[in-house]
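In what follows, a single structure is set out as C-alpha cells and then discussed.
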Amino acid sequence: MSKIYIHIVDDLLKDIRHDFYNKRRVLAKKNIAVVKWVKIDEYFSDVIIKTAGEDEVLRYANQALKAQVEELIHSRLNKCVKNIKFACKESFAFE
C-alpha cells in the first residue's frame with residue numbers, strides 16, 4: 001500500500017519541480033528574480049523581487065501563503081490520483 005503513496009508523492013514532487021523551473025525560466029526572460037524571502041514575524045513575510053528597473057518588496061501574510069500552498073497541493077494531488085486511476089483502469093483492461 002505504501003508503494004502507491006510513494007509513487008503519488010514522487011509524481012507530485014516531480015510535477016511541482018517541473019513547474020517551478022518553467023516559471024523561473026519565464027521570469028528570468030523578463031529579467032525578474034526572487035532575491036530574498038525574509039520572515040518579518042510569525043504573521044508576515046517580505047519577498048524581495050529584482051526587476052529590470054528596480055527592486056520591489058512585497059509583504060505577504062503567512063497564513064494566506066499557507067492556505068494557498070495547501071490548496072495548490074490538494075489540487076495537484078487530485079490530478080495525480082486521477083492519472084493513477086486512469087492508468088490502473090487501462091492496465092486492467094488489457095489483462
Side-chain angles (χ1 to χ4, degrees):
M1 188 68 163
S2 66
K3 290 181 181 181
I4 294 171
Y5 293 114
I6 290 172
H7 180 68
I8 290 171
V9 171
D10 283 344
D11 285 349
L12 177 65
L13 287 173
K14 185 170 66 173
D15 192 31
I16 290 171
R17 193 176 297 118
H18 181 71
D19 280 353
F20 170 74
Y21 288 120
N22 284 341
K23 294 199 186 313
R24 192 170 73 173
R25 197 173 314 129
V26 168
L27 290 174
K29 286 180 182 178
K30 295 178 181 181
N31 293 327
I32 299 172
V34 175
V35 176
K36 194 181 213 182
W37 191 294
V38 181
K39 186 172 181 177
I40 301 300
D41 56 22
E42 68 179 276
Y43 301 108
F44 293 99
S45 294
D46 281 350
V47 178
I48 302 169
I49 298 175
K50 179 188 75 152
T51 62
E54 60 188 56
D55 291 352
E56 293 191 30
V57 178
L58 304 174
R59 181 158 291 175
Y60 292 100
N62 292 337
Q63 189 63 32
L65 288 173
K66 179 182 173 188
Q68 182 68 27
V69 168
E70 287 174 349
E71 183 180 319
L72 288 171
I73 288 174
H74 285 297
S75 68
R76 297 283 181 131
L77 275 173
N78 288 335
K79 181 179 156 187
C80 286
V81 170
K82 287 178 185 176
N83 289 340
I84 288 174
K85 284 181 182 178
F86 181 72
C88 288
K89 285 180 184 177
E90 285 183 345
S91 66
F92 288 126
F94 291 114
E95 291 180 353

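When reading the values below, keep in mind they use all heavy atoms of this one structure, side chains included, and skip hydrogens, waters and symmetry mates.
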Does [X] belong to the same Ile/Leu/Val/Met/Phe/Trp/Tyr cluster as [Y], with side-chain heavy atoms less than 4.5 Å apart forming each link?
X	Y	value
L27	Y60	yes
I73	L65	no
L58	W37	yes
V38	Y43	yes

Do [X] and [Y] come within less than 4.5 Å of each other through their side chains, counting heavy atoms only?
X	Y	result
E56	E54	yes
K14	D10	no
K66	N62	no
V26	N22	no
T51	I49	yes

Mind checking the [atom1]-[atom2] spacing from [X] to [Y]? Nearest 0.5 Å is all I need.
X	Y	atom1	atom2	value
K29	R24	NZ	CZ	13.5 Å
L12	L77	CG	CG	5.0 Å
I16	L72	CD1	CG	8.0 Å

Minimum heavy-atom distance V35-K50, with the two atoms named: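 Scanning both residues completely, I find the closest heavy atoms to be CG2-CB, 3.5 Å.
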Are side-chain N/O atoms of N78 and H74 paired as donor and acceptor at under 3.5 Å?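 On atom types as modelled, these side chains do not qualify, holding no pair under 3.5 Å.
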Got a salt bridge between R59 and D46, using NZ or NE/NH1/NH2 to carboxylate O under 4.0 Å?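 A salt bridge links R59 with D46.
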